[in-house]
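Positions are given from 1, in the same order as the sequence printed here.
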Amino acid sequence: MTKPTNKQEHSSVDQSRPFLGLRSFEEKNKSQFGGRDHEINALFNLVEDKNLTVVFGTSGIGKTSLLKAGLMPKLRQKFYFPIYIRIDYSSSKSPLMQLKGLVYEEMKDMDASIKAIGRESLWEYMHDVNFLNGLATPVLILDQFEEIFTVGKHNKGVKYFVTELADLAQNRIPTAIKDQYKKQGKTVPSRYNKQSYRVVISLREDYLAQLDELKRYIPAIMDHGFRVTQMTIAQAMEAAIKPGKGLIDETVAKAIIKILPGISQADFDLLQSKADDNKKLKVEPFLLSLICDRLNEKRIEMKLNTITSDLVAQFKVDDVIKSFYNDTINKYDPNVDEAIQNELLNSEGYRKLHALKEFQTDYKISDTIIDALVSARIIRNENRNNVDYLELIHDVLAPIIKKKRDDRLKAEQEAKHKAEIAKQEAEREAAILQEKERIK
């Protein structure tokens, strides 16, 4: 049997720009994904052994990259079939219908003979479906699960989604199934005791407390967690060197790591001595990726063959993220920045999806500009249920954009206040002149 694979995993990678910056690694980037071999193996072992695994970590730590470029290829090698799922809570389709649809469509693409999902629960379907004659085990990977507590908190379909997900994750026979067999005077078939699938939930760790609230639905939800942590210095070295295949050597990788925020002289001494097995970096891995990406863009601009230590020395890391956004967005009219501030963040400053058509129509933004912003890695375009949406490429941009939005709104309010005062003053002066004329 050929190991199961997905249809989207064979697009080419730009070798001149191998560093992804703020973008997550995809499966097609698996050969570029370095520094996480230990985590890949440990996470795979947990998924193989447990019905439900919860992956968590801080924003920007690389959870999605670990899942897509690390875990999913590993699962395929071992005859599992990963199904990546992210629910769109702004869709007219309920979360449960999306879950069922995504699972069925992915499985059907691999095995056209499987039956469609009808009115039965997803739990019942996953026990009855004969996917690839049982030779591959589906693994449902629900990423960005914290969105159920943010953009999804007012979605009326969440309750039904959680109920069915709970039965699935716990391998708990739904009450309706039990009642059905009881009425017929039959015993529930023993095949329902077997779980021929796995469930993985991934979310930001600052939402673990809210995830804990789901225990009434999924008692085991916190039993088997996997925390994605910062890289060791050795891991960071591999993560910097591996994607470029010669663009960064060991000396330059050390120079990059030395300038990362939170790296002390003691840390760097450990790097020099190689005694770094248990030493953790005090920065998020996305910073390393972003800096490598920015350095590489500078290399291309200067027409250098490799990234050099001199090039690294020119960088001020604290300004990289802010300048990355501002340098890109300042190429366009202010309405582009305003559209991003207004539509791609919610009132609390979280990333949110916004329909592409509305974004362009409301702010008069052309396809060319949208394509340029996607290429510049500010936003990404996602198609969900045949509707195109825009989203900021990473959470790390949100605070910068929120600050700009807050400053703009404050300035607008102050300008409005000054205009009102000026209007009142003008009216007062006009009234005085009118009174003087009357007295004359």
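- A pairwise comparison of heavy atoms in P73 and A69 identifies CG-O, 3.5 Å as the closest pair.
- In this structure, the side chain of N346 engages the main chain of Y350 through a donor-acceptor pair within 3.5 Å.
- A donor-acceptor pair under 3.5 Å is absent between the side-chain atoms of K68 and the main chain of S24, judged by distance alone.
- N45 contributes a side-chain N or O that, together with a main-chain N or O of N41, makes up a donor-acceptor pair within less than 3.5 Å.
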(Q) Evaluate Q235 against Q230 for side-chain hydrogen bond (donor to acceptor under 3.5 Å, both in side chains), listing each step before the verdict. (A) CA-CA 9 Å; Q235 287 178 314; Q230 295 167 321; over 6 Å; no

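- Enclosure of atom CD in E420 by more than 12 non-hydrogen atoms of other residues, nucleotides or ligands within 6.0 angstrom is indicated.
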Q: Report the C-alpha distance between D319 and F324 in whole Å, list the side-chain angles of each, state the deciding distance to 0.1 Å, and finish with yes or no for side chain to side chain contact (heavy atoms under 4.5 Å, CB included).
A: CA-CA 8 Å; D319 297 333; F324 164 70; over 6 Å; no

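- When all heavy atoms of P95 and N155 are compared, the closest pair comes out as CD-OD1, 3.5 Å.
- Interatomic distance, OG1 of T306 versus CG of L247, reported as 7.5 Å (0.5 Å rounding).
- Between E120 and K115, at least one side-chain nitrogen of the basic residue sits less than 4.0 Å from a carboxylate oxygen of the acidic one, meeting the salt-bridge criterion.
- The distance from atom CG of L203 to atom CD1 of I148, rounded to the nearest 0.5 Å, is 10.5 Å.
- Side-chain contact between R408 and K404 is absent, with no heavy atoms from C-beta onward closer than 4.5 Å.
- Other residues, nucleotides and ligands contribute at most 12 non-hydrogen atoms within 6.0 Å of the CE atom of M97.
- Between F161 and Y89, the two ring planes are perpendicular [angle over 60°; tilted spans 30° to 60°].
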Q | Chi angles and distances behind the side chain to side chain contact (heavy atoms under 4.5 Å, CB included) call for F44, L71 | A | CA-CA 6 Å; F44 169 79; L71 177 64; 4.1 Å; yes

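- Two residues are said to be in side-chain contact when any heavy atoms from C-beta on lie closer than 4.5 Å; L168 and L140 meet this criterion.
- Taking a cutoff of 4.0 Å between a charged side-chain nitrogen and a carboxylate oxygen, E48 and R198 do not qualify as a salt bridge.
- Residues F286 and H394 place their aromatic rings such that the two centres sit under 6.0 Å apart.
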Q: Kindly determine whether T53 and L43 satisfy side chain to side chain contact (heavy atoms under 4.5 Å, CB included), including the steps that lead there.
A: CA-CA 9 Å; T53 301; L43 180 55; 4.0 Å; yes

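- Remark: the backbone N or O of R380 is not paired with any side-chain donor or acceptor of E391 at under 3.5 angstrom.
- A salt bridge links E147 with R86: at least one charged nitrogen is closer than 4.0 Å to a carboxylate oxygen.
- Look at R351 and D395 and you find a salt bridge, because one of the NZ, NE, NH1 or NH2 atoms lies within 4.0 Å of a carboxylate O, short of that distance.
- Proximity of a side-chain donor or acceptor of S65 to a complementary backbone N or O of G62 within less than 3.5 Å is not detected.
- For the pair I340 and E343, the minimum side-chain heavy-atom distance is 4.5 Å or more.
- In this structure a side-chain-to-backbone donor-acceptor pair under 3.5 Å is present from Q32 to P18.
- Atoms CG and CD1, from L373 and I378 in turn, are 7.0 Å apart once rounded to the nearest 0.5 Å.
- Between A169 and I218, the closest heavy-atom pair is CB-CG2, 4.3 Å.
- Screening K403, K402, K410 against D406 for a salt bridge (charged side-chain N to carboxylate O under 4.0 Å, His left out) leaves a single residue, K402.
- Remark: the backbone N or O of L311 is paired with a side-chain donor or acceptor of T308 at under 3.5 angstrom.
- At least one side-chain heavy atom of L392 sits less than 4.5 Å from a side-chain heavy atom of L345.
- Classification of E238 and R36 as a salt-bridged pair fails, no side-chain N sitting under 4.0 Å from a carboxylate O.
- In this structure, D109 CG and E106 CD are separated by 6.0 Å, a value rounded to the nearest 0.5 Å.
- Inter-residue side-chain proximity for S202 and L67 is flagged as met; some heavy-atom pair is nearer than 4.5 Å.
- Rounded to the nearest 0.5 angstrom, L295 CG and Q314 CD are separated by 9.0 Å.
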Q. I307 and F19: side chain to side chain contact (heavy atoms under 4.5 Å, CB included), yes or no, with the steps?
A. CA-CA 12 Å; I307 295 173; F19 304 102; 4.3 Å; yes

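- Summarising the local packing, NZ of K93 is surrounded by 12 or fewer heavy atoms from other residues, nucleotides or ligands at distances under 6.0 Å.
- Remark: the backbone N or O of G21 is paired with a side-chain donor or acceptor of S289 at under 3.5 angstrom.
- Scanning both residues, A253 and M237, for their nearest heavy atoms gives CB-SD, 3.8 Å.
- Taking 4.5 Å as the limit, every side-chain heavy atom of I201 sits out of range of all side-chain heavy atoms of V55.
- By the 4.0 Å N-to-carboxylate-O rule, E105 lies close enough to K108 to be salt-bridged with it.
- Here the options are N29, L290, I393, D293, the test is side chain to side chain contact (heavy atoms under 4.5 Å, CB included), and the partner is L20; only N29 passes.
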(Q) Set out, in order, the CA-CA distance, both residues' side-chain angles and the distance that settles side-chain hydrogen bond (donor to acceptor under 3.5 Å, both in side chains) for N342 and Y363, then state yes or no. (A) CA-CA 10 Å; N342 291 346; Y363 294 89; 3.2 Å; yes

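- Relative ring orientation between F149 and F145 is described as perpendicular, the plane-to-plane angle rising above 60° on a 0-90° scale split at 30° and 60°.
- A ring-centre distance under 6.0 Å is not found for F226 and F56.
- A salt bridge links E250 to K254: one of the charged nitrogens lies within less than 4.0 Å of a carboxylate oxygen.
- Counting all heavy atoms, side chain and backbone alike, M231 lies closest to G34 at CE-O, 4.0 Å.
- Residues D337 and Y332 have side chains that never bring a donor and an acceptor to within less than 3.5 angstrom of each other.
- Side-chain atoms of Q98 and D88, non-hydrogen and from C-beta on, do get closer than 4.5 Å to each other.
- A donor-acceptor contact shorter than 3.5 Å is absent between the side chain of E301 and the backbone of R299.
- Expressed to the nearest 0.5 Å, how far CG of N335 lies from CG of D362 amounts to 11.5 Å.
- Of all the heavy atoms in L288 and A236, the pair that sits closest is CD2-O, 3.6 Å.
- The neighbour count for K245 NZ, taken as heavy atoms of other residues, nucleotides or ligands under 6.0 Å away, is above 12.
- Checking side-chain atoms of E146 against main-chain N and O of Y207 turns up no donor-acceptor pair under 3.5 Å.
- Within a 6.0 Å radius of CG in D212, other residues, nucleotides and ligands contribute more than 12 heavy atoms.
- L132 has its side chain out of reach of M107: every pair of non-hydrogen atoms, C-beta onward, lies at least 4.5 Å apart.
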